[in-house]
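Reviewing the structure listed below.
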Amino acid sequence: MKDKLRDGLKNPLTIYPHTRFPMQKQDPPGIQADMTPIPDCGEESYIGHGRLEGRKALITGGDSGIGRAVAIAFAREGAQVAINYLEEEERDARSLAELLSAEAKEIILIPGNLREEQVCERIVREAHDKLGGLDILVPNAAVQTAQEDIQDITGEQVRRTFETNIYAPIFLCRTAVPLLPAGSSIIFTGSAEYYTPNRFLLDYAASKSAVVAFSIGLAKQVIDKGIRVNTVCPGPVWTPLEVSGGNPDEWIPKHGIDTPFKRPGQPVEMAGVYVFLASNEATYVSGEIYGVTGLLSAH
């Protein structure tokens, strides 16, 4: 895991192994603790520097994958953190709470299905009340279902994809914006699929295109309130999405090897961008799209 070129330098080509993943499959939404290997969300590697001291953050999909990495990073940077997740993901959420509790960092757990408009509203208000305020919102939760033929995409799949990936962020922001003070930050999780969609993820790519468009429009609407809005667009990352229907089965062992890095990203490699966008270092950054794609566009 540790590959030093000089003190403090890590070679991005060798910091994580390039071996193929063992074939594995889970029912959605997937449990990170049951993956092989378990994704690196920064549990041992992320070191905070006090960049978010006193901040109050809500992260959806914060139990695993990118959301978990962001939660760990925010907490270690000094923020108070609340996460939302599905009840089926309780095991991952509890393990995160135990990890941070051991570091004297408490995290607020708010389960709930974001497909329901009223649940989105409740989650924001509960986070605001329990944190004693709210100034960072990360609508990160998403679903992804690969289908080889458009004929296999059911109406229920489309509804689930759009209700989770774009309806929920709209409802979360609608509730949160009146509660956010000037200086707050909203950070969406988009995807490289919004501009390089592959043939197996039609509805997912469309939903992430909608997320990017919504984020840019919202940034223009709320800047007068002193609220910044940006989007992080990851490329291939090793998360529960990949093994719970998000990829065709044959793609799982070779996930990410078609990038110039010859591997997928790990969730912790995304976290620093979210920290920057949430922090006061990014006071002149809004309406932007940050790709963390492993040079995916080089192909």
Side-chain angles (χ1 to χ4, degrees), residues 1 12-41 61 63-69 86 88-89 91-92 140-162 164-165 189-211 232-270 291-299:
M1 289 291 185
L13 300 179
T14 58
I15 185 173
Y16 292 103
H18 292 192
T19 56
R20 288 185 171 230
F21 297 109
M23 180 58 204
Q24 55 201 285
K25 204 169 181 182
Q26 296 187 34
D27 292 331
I31 299 298
Q32 176 165 301
D34 292 337
M35 294 175 66
T36 304
I38 294 175
D40 182 355
C41 294
D63 60 293
S64 64
I66 294 172
R68 183 186 182 99
L86 293 170
E88 302 97 297
E89 300 167 316
R91 183 151 57 101
D92 280 340
N140 166 76
V143 296
Q144 174 181 314
T145 306
Q147 299 288 7
E148 294 196 17
D149 193 302
I150 192 171
Q151 304 303 319
D152 298 325
I153 301 177
T154 66
E156 172 55 25
Q157 177 179 320
V158 173
R159 284 187 290 273
R160 177 172 174 261
T161 299
F162 276 78
T164 305
N165 295 5
T189 300
S191 171
E193 293 293 328
Y194 99 90
Y195 68 92
T196 57
N198 76 59
R199 61 188 293 264
F200 299 110
L201 298 174
L202 301 184
D203 57 327
Y204 176 79
S207 72
K208 288 301 186 177
S209 292
V211 167
V232 179
C233 285
V237 183
W238 185 236
T239 75
L241 272 183
E242 310 307 330
V243 300
S244 58
N247 264 327
D249 290 353
E250 64 272 18
W251 283 20
I252 292 172
K254 54 186 180 181
H255 183 55
I257 66 171
D258 60 341
T259 70
F261 285 65
K262 308 300 184 198
R263 65 171 179 86
Q266 292 291 331
V268 67
E269 296 180 286
M270 313 293 121
V292 192
T293 66
L295 278 174
L296 189 65
S297 60
H299 288 266

Practice problem: Please lay out, stage by stage, how Glu269 and Val292 fare under the test side-chain contact (heavy atoms from CB on, under 4.5 Å). | Solution: CA-CA 8 Å; Glu269 296 180 286; Val292 192; 5.6 Å; no

Quiz item: Please walk me through it: do Val237 and Gln266 pass side-chain contact (heavy atoms from CB on, under 4.5 Å)?
Solution: CA-CA 6 Å; Val237 183; Gln266 292 291 331; 5.8 Å; no

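For Asp34, the side chain to side chain contact (heavy atoms under 4.5 Å, CB included) partners at least two apart in sequence or on another chain are Gln26, Ile31, Arg91. The salt bridge (charged side-chain N to carboxylate O under 4.0 Å, His left out) test applied to Lys25 returns Asp249, not counting sequence neighbours.
In this structure, Thr189 and Val232 have side chains that are not in contact, with every pair of non-hydrogen atoms separated by 4.5 Å or more. Within the 4.5 Å cutoff, side-chain heavy atoms of Thr145 are placed close to those of Gln147. Using a 4.5 Å heavy-atom cutoff, the side chains of Pro236 and Thr259 are in contact. Counting heavy atoms from C-beta on, the side chains of Tyr195 and Thr293 come closer than 4.5 Å. By the 4.5 Å heavy-atom criterion applied to side chains, Ser64 and Pro240 are counted as neighbours. The shortest side-chain heavy-atom distance between Pro37 and Phe21 falls under the 4.5 Å cut-off. The side-chain heavy atoms of Ile257 and Arg263, taken from C-beta on, include no pair separated by under 4.5 Å. In this structure, the side chains of Leu86 and Pro29 come closer than 4.5 Å at one or more pairs of heavy atoms.
Nearest heavy atoms, Ala192 versus Gly235: CB-CA, 4.1 Å. For the pair His255 and Asn247, the tightest heavy-atom approach, listed with the atom from each and the gap, is ND1-ND2, 3.4 Å. When all heavy atoms of Gly246 and Gln144 are compared, the pair lying nearest together is O-NE2, 2.6 Å. Shown here for Pro12 and Phe261, the closest heavy-atom pair between the two residues is CB-CE2, 3.6 Å. Pro260 and Leu13 make their closest contact through O-CD2, 4.3 Å (heavy atoms, listed as atom of the first residue, atom of the second, distance). Closest non-hydrogen pair, Ser207 versus Asn165, comes out as OG-ND2, 3.0 Å.
For CG of Asp27, the number of neighbouring non-hydrogen atoms (other residues, nucleotides, ligands) closer than 6.0 Å is 12 at most.
Under the 6.0 Å cut-off for aromatic ring centres, Tyr16 and Trp238 do not qualify, their centroids lying 6.0 Å or more apart.
Taken to the nearest 0.5 Å, the OG1 atom of Thr239 stands 10.0 Å off from the CE atom of Met270. Rounding to the nearest 0.5 Å gives a distance of 10.0 Å between CG of Leu202 and CD of Glu193. Expressed to the nearest 0.5 Å, how far CZ of Phe200 lies from CD1 of Ile153 amounts to 11.5 Å.
Between Glu89 and Arg68 there is no salt bridge, since no side-chain nitrogen of the basic residue lies less than 4.0 Å from a carboxylate oxygen of the acidic one.
Judged purely by distance below 3.5 Å, without hydrogens or angles, the side chains of Gln32 and Asp92 never pair a donor atom with an acceptor atom.
The main-chain N or O of Gln157 is found under 3.5 Å from a side-chain atom of Thr154 such that the two form a donor-acceptor pair. The backbone N or O of Ala142 lies less than 3.5 Å from no partner atom in the side chain of Thr164, so there is not a single donor-acceptor pair.
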